[in-house]
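One structure is given here, and the rest of the page talks about it.
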Amino acid sequence: MLEGKVALVTGAGRGIGRAIAIRLAKAGAKVIVNYNGSEAKAMDTVKTIEEAGGEAWAYKCDVSDFAACGELAKTVLEKYGRLDILVNNAGVTRDGLIMRMSEEDYDTVLDINLKGAFNTIRHFSPAFLKQRAGKIINISSVSGVLGNAGQANYSASKAGLIGLTKSVARELASRGVCVNAIAPGFIETEMTEAMSEKAKEAVIGSIPMKKTGHAEDVAEAAAFLAGASSDYITGQVLCVDGGMAI
Ligand code: NAP
């Protein structure tokens, strides 16, 4: 399915990014496993892929650093000669009510979640244009679609990602590059582990399917958007959320 393709997944040492990296490798892609703080976990993602007969390579880069993303693109394009699939998954939360939210918490979330995706797209888009093919997948959130009290910074970054997705989709469409977003709902990872049981129960109550999702659910959607089955789909937001955003 993805044999001969080269994929980069940001924040792929753990959580949803790890599941996407493993899923794309299972489909035959060579995967660059980006990480920032979790080196051992990124190595473990690589090991898991290699043990299953796939090919992967770990690369440390803070996606919020424009110049570092430039180096990442240069290194990847020198090593593999191309990039077919770019998954902007790296993301953080710094939740708090707007009245009490610090400027630093706002900036950190916007810098990593939104500018991080701009940084990679900006540096890889010349290669995508030259190839006249490619898939860019941005991991947004149901919070970016609906908004969420206590997550003004996070929701702004994820809604911004949707705008970025639609604009870049329009820019690159005539060159055969598809740009889509996935908006996961409540997925069980370290990001959601921090929530209290009470808060979790309240969220689950708001999900029409009355259950949480798993990283693998998001990975399946990413595999679809990375493959040829979605070649006529661009600028869309695919909600993987048990019906939360209906
Ligand atoms: P997670 O387990 O907390 O993982 C976050 C990932 O982002 C880690 O791999 C981390 O890498 C990476 N990351 C953070 N800052 C980075 C930076 N500056 N540069 C590079 N990588 C960085 O979270 P998750 O649940 O898997 O979330 C993955 C994505 O899905 C995020 O964009 C999140 O907003 C989105 N999402 C999650 C949910 C959910 O319910 N879990 C719902 C909607 C959307 P290091 O550890 O190496 O720093």
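In each ligand, atom 1 is the first atom listed, and ligand 1 is the first ligand listed. If you read the sequence from its start, that first residue is 1, and numbering goes on from there. Everything quoted here is computed from the prediction, not taken from an experiment.
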**Request:** Considering the heavy atoms of Cys61, write down every atom of ligand 1 situated less than 4.0 Å from one of them.
**Result:** 19 (N), 20 (C)
**Request:** May I ask whether Gly185 has any heavy atom positioned less than 4.0 angstrom from an atom of ligand 1?
**Result:** yes
**Asked** Side chain or backbone of Ser140 under 4.0 Å from ligand 1, or both, or neither, by non-hydrogen atoms?
**Response** backbone
**Request:** For Val92, take its heavy atoms, then give the atoms of ligand 1 lying under 4.0 Å from any of them.
**Result:** 14 (C), 15 (N)
**Message:** Under a 4.0 angstrom heavy-atom cut-off, which atoms of ligand 1 come close to Tyr35?
**Reply:** 47 (O)
**Prompt:** With a cut-off of 6.0 Å (strictly less than), are more than 12 heavy atoms of other residues, nucleotides or ligands near CD of Glu3?
**Reply:** yes
**Message:** When you measure from the heavy atoms of Asn89 to every atom of ligand 1, does any distance fall below 4.0 Å?
**Reply:** yes
**Prompt:** When only distance counts, is Tyr154 in polar contact with ligand 1, meaning an N/O pair under 3.5 Å?
**Reply:** yes
**Item:** Plane angle bin for Phe66 and His123 - parallel if under 30°, tilted between 30 and 60°, otherwise perpendicular
**Value:** tilted
**Prompt:** In ligand 1, which numbered atoms sit nearer than 4.0 Å to a non-hydrogen atom of Gly91?
**Reply:** 5 (C), 7 (O), 14 (C), 31 (C), 32 (O)
**Fill in**
Note: Val63, heavy atoms under 4.0 Å from ligand 1, region reported as both
**Prompt:** Got an N/O contact under 3.5 Å between Gly15 and ligand 1?
**Reply:** no
**Message:** Looking at Lys200, I want to see if its NZ is surrounded by more than 12 non-hydrogen atoms of other residues, nucleotides or ligands under 6.0 Å.
**Reply:** yes
**Fill in**
The closest protein heavy-atom partner of atom 1 (P) of ligand 1 is Arg14 NH1, 3.5 Å
**Request:** Check whether any side-chain heavy atom of Asn34 sits under 4.5 Å from a side-chain heavy atom of Leu8, and report yes or no.
**Result:** yes
**Prompt:** On the ring face of Trp57, is Lys30 found with NZ or CZ under 6.0 Å from the centre and within 45° of the axis?
**Reply:** no
**Prompt:** At what distance is the nearest protein heavy atom to atom 26 (O) of ligand 1, and which residue and atom is it?
**Reply:** Ile16 N, 2.8 Å
**Any side-chain donor near an acceptor of the partner, Asn138 and Thr165, under 3.5 Å** = yes
**Residue, atom name and distance, where the atom is the protein heavy atom closest to atom 40 (O) of ligand 1** = Ile187 N, 2.8 Å
**Request:** In plain terms, say whether Asp231 and Lys135 are close enough for a salt bridge, that is, a side-chain N and a carboxylate O under 4.0 Å apart.
**Result:** yes
**Message:** Does Ile136 form a side chain to side chain contact (heavy atoms under 4.5 Å, CB included) with Leu172? I'd like the steps, not just the answer.
**Reply:** CA-CA 10 Å; Ile136 300 174; Leu172 305 187; 4.1 Å; yes
**Message:** Need the ligand 1 atom indices (1-based, order shown) with element for anything under 4.0 Å from a heavy-atom of Asn34.
**Reply:** 20 (C), 21 (N)
**For Gly37, atoms of ligand 1 separated by under 4.0 Å from a heavy atom** = 45 (P), 47 (O), 48 (O)
**Asked** At a non-hydrogen distance cut-off of under 4.0 Å, which region of Val218 contacts ligand 1 (side chain, backbone, both, or neither)?
**Response** neither
**Message:** Set out, in order, the CA-CA distance, both residues' side-chain angles and the distance that settles salt bridge (charged side-chain N to carboxylate O under 4.0 Å, His left out) for Glu39 and Lys60, then state yes or no.
**Reply:** CA-CA 8 Å; Glu39 183 175 9; Lys60 177 177 164 66; over 6 Å; no
**Asked** Using 4.0 Å as the upper bound for N to carboxylate O, is an ion pair formed by Glu190 and Lys41?
**Response** yes
**Prompt:** Which one holds for Thr189 and ligand 1: side chain close, backbone close, both close, or neither close, with close meaning a heavy atom under 4.0 Å?
**Reply:** side chain
**Fill in**
Nearest non-hydrogen protein atom to atom 43 (C) of ligand 1, with distance, is Pro184 O, 3.3 Å
**Prompt:** Non-hydrogen atoms of Lys158 versus ligand 1: any pair closer than 4.0 Å?
**Reply:** yes
**Message:** Regarding Arg23 and Glu216, does a basic nitrogen lie under 4.0 Å from an acidic carboxylate oxygen?
**Reply:** no
